[in-house]
Amino acid sequence: MERNHKDRREPLFEIKAGALLLQHNMSSHLLAEALYAQMEYDRLVEQFHTDYPQWCAGDAYETAKRDFDAFVRLLDAAIEGESRE
């Protein structure tokens, strides 16, 4: 049973790791680097929204698109929630 929980959470851990790695580059003074990081961030938010709509729908989705910390909090809640199911 623990294996199933881990399998469902693995993509969430990957999305979170990707977002955390992008965080610094999103505020880079190099325009191309910042734009690329923002595009990747948008892709991660969209992936989370598509794959886990129960955790990222409506207002939460809109907030995640513009607030990095809110996105990470949503991911943490999803990871915790998936480990309980």
Side-chain angles (χ1 to χ4, degrees):
M1 194 70 165
E2 178 63 30
R3 177 87 174 137
N4 289 337
H5 291 304
K6 184 178 180 187
D7 290 347
R8 289 194 315 237
R9 291 181 313 188
E10 192 65 33
L12 292 167
F13 287 127
E14 290 173 8
I15 292 169
K16 183 178 178 182
L20 292 173
L21 288 171
L22 290 171
Q23 184 178 22
H24 174 73
N25 291 348
M26 287 170 61
S27 61
S28 174
H29 67 283
L30 300 173
L31 182 59
E33 187 174 283
L35 288 174
Y36 179 77
Q38 184 63 51
M39 287 180 4
E40 282 298 302
Y41 174 77
D42 293 344
R43 185 188 63 75
L44 290 174
V45 172
E46 189 63 35
Q47 179 183 351
F48 180 55
H49 172 67
T50 300
D51 295 348
Y52 297 90
Q54 70 274 30
W55 297 105
C56 186
D59 290 342
Y61 172 60
E62 293 302 318
T63 300
K65 289 194 300 187
R66 65 180 184 277
D67 184 337
F68 181 87
D69 293 329
F71 181 48
V72 172
R73 285 192 300 274
L74 283 172
L75 287 166
D76 288 340
I79 291 167
E80 181 66 27
E82 290 293 329
S83 67
R84 282 190 240 147
E85 291 182 5

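On a predicted model such as this, the values are computed, not experimentally measured, just so you know.
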| field | Polar side-chain atom of Ser83 near backbone of Glu80 as donor-acceptor pair, under 3.5 Å | value |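 Indeed, once roles are kept as given, a pair shorter than 3.5 Å links the two residues.
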| query | Rounded to the nearest 0.5 Å, how far does CG of Leu30 lie from CG of Leu35? | reply |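 Reported value, rounded in 0.5 Å steps: 10.5 Å.
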| Out of curiosity, does Val72 fall in the hydrophobic cluster containing Phe48 (side-chain heavy atoms, cut-off under 4.5 Å, transitive links)? |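 Linked within one cluster.
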| query | Is there a chain of hydrophobic side chains (I, L, V, M, F, W, Y, each step under 4.5 Å between heavy atoms) that links Phe13 to Leu22? | reply |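 Yes, Phe13 connects to Leu22 through the hydrophobic network.
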Compare every heavy atom of [Y] with every heavy atom of [X], then report the nearest pair and how far apart it is.
X: Ser28; Y: Ala34; value: O-CB, 3.8 Å
X: Leu75; Y: Lys16; value: CD1-CA, 3.7 Å
X: Arg8; Y: Tyr52; value: O-OH, 2.9 Å

| query | Tell me, which pairs form a salt bridge (Lys or Arg N to Asp or Glu O under 4.0 Å) where one or both residues lie in residues 49-58, sequence neighbours left out? | reply |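 The answer is none; no pair qualifies.
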| query | Pairs in or reaching into residues 52-63: which pass salt bridge (Lys or Arg N to Asp or Glu O under 4.0 Å), with residues at least two apart or in two chains? | reply |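 Qualifying pairs, neighbours excluded: Glu62-Lys65.
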Any residue meeting side chain to side chain contact (heavy atoms under 4.5 Å, CB included) with [X], in chain and number order, not counting sequence neighbours:
X: Ser27; result: none
X: Ala17; result: none
X: Glu14; result: Glu10
X: Asn25; result: Glu33, Ala37

| said: I'd like to check Leu74 versus Trp55 (side-chain heavy atoms, cut-off strictly below 4.5 Å). Are they in contact? | reply: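 When only atoms from C-beta onward are counted, Trp55 and Leu74 do not touch, as no gap falls below 4.5 Å.
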| said: Using the rule given for salt bridge (Lys or Arg N to Asp or Glu O under 4.0 Å), can you reason through Arg43 versus Glu40, listing the C-alpha separation, both sets of side-chain angles and the distance that settles it, and then say yes or no? | reply: CA-CA 5 Å; Arg43 185 188 63 75; Glu40 282 298 302; 3.1 Å; yes
| When the ring planes of Tyr41 and Phe71 are compared, do they come out parallel, tilted or perpendicular, using 30° and 60° as the limits? |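 Ring orientation of Tyr41 relative to Phe71: perpendicular.
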| request: Apply side chain to side chain contact (heavy atoms under 4.5 Å, CB included) to Gln54 and Glu82, showing your working. | output: CA-CA 11 Å; Gln54 70 274 30; Glu82 290 293 329; 3.4 Å; yes
| For the side-chain contact (heavy atoms from CB on, under 4.5 Å) test, which of Thr50, Val45, Leu44 pairs with Gln47? |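 The single option meeting the side-chain contact (heavy atoms from CB on, under 4.5 Å) with Gln47 is Leu44.
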| request: Check whether more than 12 heavy atoms from other residues, nucleotides or ligands sit under 6.0 Å from atom OH of Tyr36, and answer yes or no. | output: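 No, because the 6.0 Å sphere around OH of Tyr36 holds 12 heavy atoms or fewer from other groups.
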